[in-house]
Amino acid sequence: MLPLFRRSLLAAALGVSLLSGGAQAAQPQTGGTLNLVLNYEPPALIALTTVATPALSVSAKVTEGLLSYDYDLNPQPQLATRWEISADGTRYTFHLRPNVKWHDGQPFTSADVAYSIELLKKVHPRASSTFANVTKVETPDALTAVLVLSRPAPYLIKAFAAAESPIVPKHIYDGSDPLTNPHNNAPVGTGPYIFDKWVRGSYILYRRNPDYWDKNRPYLDQLVVKFIPDAAARSVAFETGDADLGYRTPVALNDVARLKQLPQLGFETKGNSYSYNVSSLQFNLDDAHFKDLRVRQAVAHAINRDVILQVAYFGLGQVTASPIAPGIKAYHDPAPSPYAFDIKKANALLDQAGYAKGSDGTRFSVTLDYNPIAEDLRKTAEYTRSALAKIGIKVTLRAQDLSSFVRRIYTDRDFAFTLNGHSNLYDPTVGVQRIYWSKNFRKGVPFSNASDYHNPEVDRLLEAAQTENDPQKRVEEFKAFQKIVEQDLPDINLISPQFITIYNRRVHDHSVTADGIEGNLSQVWLDKK
């Protein structure tokens with residue numbers, strides 16, 4: 001049974017202040033332009049149909065969520081000012097903030113909330129599992145939305161952050177194709193910043209919302225989001241002051257130690273607890289080579305995670321064989337992989353699978369696609385190519401832009417295996433289930449079940465954990481799930497990266513919530529130059 005859960009604006013105001021990014025002045029200063037740097041251009045400016053990191057990093061600036069969260073994932077008000085959960089866990093009642101306007105002047109109401117939840121269930125890569133138990137959203141009045149569940153969902157109260165469950169304007173999306181709606185690239189929201197323009201290949205400009213519901217905020221005049229694909233160029237931008245802020249370790253990992261010597265720069269690890277990541281080597285189980293378990297086992301035996309941690313991540317992370325990140329301590333299984341690094345076993349398995357070495361030592365050739373969003377994934381791809389060459393698998397690396405990568409993996413399914421990173425978020429049901437649940441094999445939906453993995457027992461365990469209110473039973477279900485997928489090898493989990501936010505010390509209060517830079521940045525302010 002879930003206890004009654006209430007939060008109010010007063011409770012939030014009396015809570016511990018969560019400040020980051022330098023000492024807080026007595027009074028935040030107003031004005032100025034913040035330059036936020038991304039290493040890749042977003043595929044869309046709202047995290048409605050995609051969970052690509054660049055989209056997550058900009059979405060909440062315009063389109064908000066019902067709640068925000070402190071570092072310990074305790075809910076705080078945003079578009080909802082207070083809320084209750086029924087004792088049986090099947091009704092979530094949200095009392096909405098009054099007098100909130102969309103950026104086009106239309107009023108924000110419970111109809112927008114109901115529409116958004118139903119839309120997310122249909123088009124968001126994670127929401128089909130997140131909101132699987134939500135049967136309807138009642139709107140008894142304009143400022144009350146009630147989520148009605150068929151069964152409890154013990155994780156659900158943590159699901160309403162802006163970048164994870166954006167509330168979109170019904171009057172703009174209703175009757176359109178949400179995948180192609182032009183407002184995905186020119187968003188209209190309730191947030192502290194109003195979309196101004198997107199100069200493709202260069203930057204996005206947001207300007208201050210003068211009618212924001214949180215009076216006196218935001219403090220900035222403008223927010224400029226710059227795309228700098230080259231890691232060395234990003235380092236230079238921080239050195240010269242052209243970049244004020246970047247997250248998820250926005251420079252080459254081998255450059256972090258050098259940059260830490262610069263007095264104008266600060267480094268922060270807070271603001272990442274909403275979204276732990278795991279990097280993995282995912283197999284296409286429909287591929288002629290990798291549908292054979294023995295081949296996948298051989299690849300697993302040829303991979304040395306400790307080497308990857310050093311050569312690709314420069315020690316900034318943790319080795320993991322589990323799909324559940326070590327940061328989610330309650331559910332993570334720290335046991336090592338059942339397929340330890342062993343070149344002899346790898347070769348024997350490939351022999352058994354019928355892939356004999358040719359005269360040049362090659363058994364077969366295959367192409368590896370890697371997600372271009374992170375330098376560490378490229379370096380892991382280079383390591384993988386070298387490692388598999390030692391067992392007779394010739395690997396060709398394929399570089400492509402993010403949109404092409406997503407289309408190839410999730411729409412065209414024109415790949416053999418891929419290096420990718422997945423956000424676990426705050427709970428395995430939300431961040432992990434989507435990758436392994438057979439019902440989430442959905443062509444065209446990014447960051448879903450790319451392997452086309454089907455295991456009835458895994459489905460049973462994941463679906464049981466969706467509704468299990470007994471914490472210990474839920475732990476047992478997730479532990480059993482981990483052991484099965486680590487044996488089945490639809491993917492090989494490798495590293496959980498440590499994310500670092502880099503900022504110019506003139507920037508204050510940038511990582512004040514669990515989602516850090518993926519939050520709305522309404523509290524950020526700048527020292528005057």
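Residue Lys439 is tested with His454, Gln433, Glu463 for a side chain to side chain donor-acceptor pair (under 3.5 Å); the sole match is Glu463.
Applying the salt bridge (Lys or Arg N to Asp or Glu O under 4.0 Å) criterion to Arg126, with sequence neighbours excluded, gives Glu164. Judged as a salt bridge (Lys or Arg N to Asp or Glu O under 4.0 Å), and not counting sequence neighbours, the contacts of Arg408 are Asp369, Asp414. With sequence neighbours excluded, no residue forms a side-chain hydrogen bond (donor to acceptor under 3.5 Å, both in side chains) with Glu486. With sequence neighbours excluded, no residue satisfies salt bridge (Lys or Arg N to Asp or Glu O under 4.0 Å) with Glu468. For Glu476, there are no salt bridge (Lys or Arg N to Asp or Glu O under 4.0 Å) partners, not counting sequence neighbours.
The shortest side-chain heavy-atom distance between Glu477 and Asp470 does not fall under the 4.5 Å cut-off. Under the 4.5 Å side-chain criterion, counting only non-hydrogen atoms from C-beta, Ile157 is in contact with Leu67. Within the 4.5 Å cutoff, the side chain of Val366 has no heavy atoms near those of the Leu388 side chain.
The ring-ring contact (aromatic ring centres under 6.0 Å, His included) pairs that include a residue from residues 315-335 are Tyr331-Phe478, where partners are two or more places apart or lie in different chains.
Between Lys158 and Asp427, no side-chain nitrogen of the basic residue sits less than 4.0 Å from a carboxylate oxygen of the acidic one, so the salt-bridge criterion is not met. Between Glu382 and Arg378 a salt bridge is recorded (basic side-chain N to carboxylate O distance below 4.0 Å). We find that Lys379 and Asp376 are not joined by a salt bridge, their nearest charged nitrogen and carboxylate oxygen being 4.0 Å or further apart.
A donor and an acceptor atom, one from each side chain of Ser279 and Tyr313, are located under 3.5 Å apart. For the residue pair Asp491 and Ser451, no side-chain donor N or O sits within less than 3.5 Å of a side-chain acceptor on the partner. For the residue pair Thr429 and Arg474, a side-chain donor N or O sits within less than 3.5 Å of a side-chain acceptor on the partner.
Between Phe481 and Tyr436, the ring-plane angle classifies as perpendicular under the 30° and 60° cut-offs. Ring planes of Trp198 and Phe227: perpendicular class, angle over 60° (limits at 30 and 60°).
In this structure, Tyr155 has its ring center no closer than 6.0 Å to that of Tyr426.
Taking the ring axis of Phe267 as reference, the NZ or CZ atom of Lys260 stays within 45° of it and closer than 6.0 Å to the ring centre. For the pair Arg434 and Trp437, the cation-pi test (distance below 6.0 Å, angle within 45°) is failed.
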